[in-house]
Amino acid sequence: MVHRQEPVGDWECTNCENRPLNLGATLTSGQAFRWRQDAAGIWWGAVGTSGLALWQRSGDSRSPLFWQTFPQAGQRELVETYLGLEVPLVPLYQEWVSAEPRMQNAIELYHGLRILRQPPVECFFAFQCATCNTVVKIERSVHRLALRYGAPIEIDFPESAESGMTSRDDPPPLTLPDDPAFSFFAFPEIETLAIASEDALRSDLWGYRAPRVIALAKHLLALGPDWLANLHGQPYARAKEALVALHGIGEKVADCICLFSLGKDEATPVDTHVRQIACSLFVPELRDKSLTPRVYAAISDAYQERFGAYAGWAQQYLFLGAMRGKKA
DNA sequence: GCTTAACCTGGACGC
DNA sequence: GCGTCCAGGTTAAGC
């Protein structure tokens with residue numbers, strides 16, 4: 001990885017006029033853990049074996065999305081798929097508010113928030129780290145895992161561009177910060193994780209989750225290299241059932257994998273925050289109940305009955321509101 | 001079928 | 001400075 005302080009390429013642009021996007025909320029809403037924003041407001045991250053730089057006018061969900069991919073330029077489909085830009089949000093907002101008027105505030109706050117379509121392997125292992133942990137520490141652990149076992153992604157363009165900010169609506173020059181935090185690595189292969197060192201993972205703050213990561217990688221290898229990716233083509237219920245059958249995967253993590261990487265838009269991961277929201281809005285009778293499988297199912301059903309095929313998307317708006325409210 | 005404890009770690013908080 | 005609590009869960013044992 002070569003750090004450069006001169007521009008590394010031209011921005012490309014996707015028009016978001018009819019597809020609102022809230023880049024900041026989407027990348028910081030606890031779906032993915034390896035995005036970093038530089039001082040110029042550019043988001044840098046890795047998707048598969050590609051590096052991405054993304055920029056949008058702050059606070060404007062209808063601003064065009066400016067992007068660049070590395071080392072191969074022009075991967076528009078990768079960018080649009082990853083950000084779930086094909087989903088028409090505005091009609092969904094109308095449906096959600098009709099079903100639950102108290103959604104209006106969350107929609108206004110996070111207008112353009114989208115569910116990511118992440119590579120399944122990264123999502124699968126990143127959420128192993130989420131058990132009994134904080135978002136800051138999950139980010140640190142996942143970043144260190146990629147740093148230790150992932151392949152470096154070159155962000156080094158042969159043709160540098162003379163891009164300059166000509167108005168406040170233009171993106172800043174695309175310049176990679178000279179900071180190790182902005183080094184990018186592909187997420188490790190399953191084969192690599194299967195022979196990873198437990199001690200190394202523990203030193204990367206994976207704690208008691210370290211042996212589970214290695215065991216799950218071995219299990220995935222035994223199931224076949226495409227087993228996880230093939231769940232994409234299965235119905236939600238079947239995909240979740242297959243995931244929960246793995247030792248170490250519970251309902252919540254299975255739903256996270258389904259929603260954030262397998263395209264199961266109706267999946268509603270029920271964590272402590274989502275549960276509290278559901279009990280305050282929809283199912284107060286479950287407020288004092290333990291989160292048994294039956295209660296988990298009742299809470300999931302409450303979201304899915306109200307918000308239908310995109311219940312997971314709707315729930316993410318409420319979840320982010322709860323998370324941000326707690327931080328504030 | 002429900003409750004409880006154990007599992008790592010570090011930041012927040014109270015004293 | 002130190003002790004305690006808690007954080008986007010899962011599992012297994014005990015009742």
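It should be emphasised that the depicted structure is a prediction, and the values quoted were computed from it without experimental measurement. Each chain gets a letter, A, B and so on, in the order its sequence line appears, and its residues count up from 1. Hydrogens, waters and symmetry mates are skipped; everything else that's a heavy atom, side chains included, is used.
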Please classify the nucleic acid contact of A/Gln128 as base, sugar-phosphate, or nothing, using heavy-atom distances under 4.0 Å.
nothing
Given the structure, check if the side chain of A/Lys252 and the base of C/dG8 hold any donor-acceptor pair shorter than 3.5 Å.
yes
Measure NE2/A/His273 against C1'/C/dA7 and give the value in whole Å, please.
8 Å
Centroid separation under 6.0 Å, is that true for the rings of A/Tyr310 and A/Tyr93?
no
Do any N or O atoms from the side chain of A/Asp226 and from the backbone of A/Asn230 form a donor-acceptor pair under 3.5 angstrom?
no
Can you sort out the partners of A/Tyr149 under ring-ring contact (aromatic ring centres under 6.0 Å, His included), two or more places apart, ordered by chain and number?
none
At what distance, to the nearest 0.5 angstrom, does CG of A/Leu145 lie from CG of A/Leu193?
5.5 Å
So, is A/His247 near the phosphate of C/dA12, with a side-chain N or O under 4.0 Å from OP1 or OP2?
yes
Which atoms of nucleotides 8-11 of chain B (N or O only) lie under 3.5 Å from a protein N or O atom, and what are those distances?
{"from": "B/dC8", "atom 1": "OP1", "to": "A/Arg202", "atom 2": "NH1", "distance (Å)": "3.2"}
{"from": "B/dC8", "atom 1": "OP1", "to": "A/Arg202", "atom 2": "NH2", "distance (Å)": "2.9"}
{"from": "B/dC8", "atom 1": "O4'", "to": "A/Tyr208", "atom 2": "N", "distance (Å)": "3.1"}
{"from": "B/dC8", "atom 1": "O2", "to": "A/Arg209", "atom 2": "NH1", "distance (Å)": "3.4"}
{"from": "B/dT9", "atom 1": "O2", "to": "A/Lys137", "atom 2": "NZ", "distance (Å)": "2.2"}

Ring-ring centroid check A/Phe184 A/Phe70, cutoff 6.0 Å:
no
In whole angstroms, the gap separating C1' of C/dT11 from NE2 of A/His219 amounts to 16 Å
Can you tell whether the side chains of A/Asp265 and A/Arg117 come within less than 4.0 Å, N to carboxylate O?
yes
For the backbone of A/Gln31 and the side chain of A/Gln118, can you confirm whether one donor and one acceptor N or O come within less than 3.5 Å of each other?
yes
Rounded distance in Å between the P positions of C/dC6 and B/dT4:
15 Å
Rounded P spacing from C/dG8 to B/dC13 in Å
14 Å
In this structure, how many angstroms lie between the P atom of C/dT11 and the CG atom of A/Leu243, rounded?
12 Å
Enumerate, in order of first residue number, the stems that involve DNA chain B, defined as 3 or more consecutive Watson-Crick or G-U wobble pairs with both distances under 3.5 Å.
B:1-7 with C:9-15, B:9-15 with C:1-7
When you compare B/dA6 with C/dC5, how far apart are their P atoms, in angstrom units rounded to a whole number?
14 Å
What is the distance, rounded to the nearest whole Å, between atom CG of A/Asp271 and atom P of C/dC6?
17 Å
Would you check if the side chain of A/Trp11 reaches a backbone N or O of A/Pro172 as a donor-acceptor pair within less than 3.5 Å?
yes
If you count every heavy atom of other residues, nucleotides or ligands that lies below 6.0 Å from A/Glu108 atom CD, does the total exceed 12?
yes
Please determine whether a side-chain nitrogen or oxygen atom of A/Ser290 lies at a distance below 4.0 Å from atom OP1 or OP2 of B/dT3.
yes
Calculate the interatomic distance between A/Asp255 atom CG and C/dG8 atom C1'; express it in whole Å.
13 Å
To the nearest Å, how far apart are A/Ile299 CD1 and C/dG9 C1'?
14 Å
Have a look at A/Ile138 and say if it touches a base, only the backbone sugar-phosphate, or nothing, with a 4.0 Å heavy-atom cut-off.
nothing
Take the protein atom CD of A/Glu251 and the nucleotide atom C1' of C/dG8, then report the distance between them rounded to whole Å.
15 Å
Comparing nearest nucleotides in DNA chain C, the 5'-proximal residue of the pair A/Gly248, A/Phe33 is A/Phe33
With a 4.5 Å heavy-atom cut-off, do A/Leu27 and A/Leu54 have their side chains touching?
yes
Regarding A/Leu320, tell me which of base, sugar-phosphate or nothing describes its non-hydrogen contacts under 4.0 Å with the strands shown.
nothing
Distance in angstrom units between A/Leu286 CG and B/dG1 P, rounded
16 Å
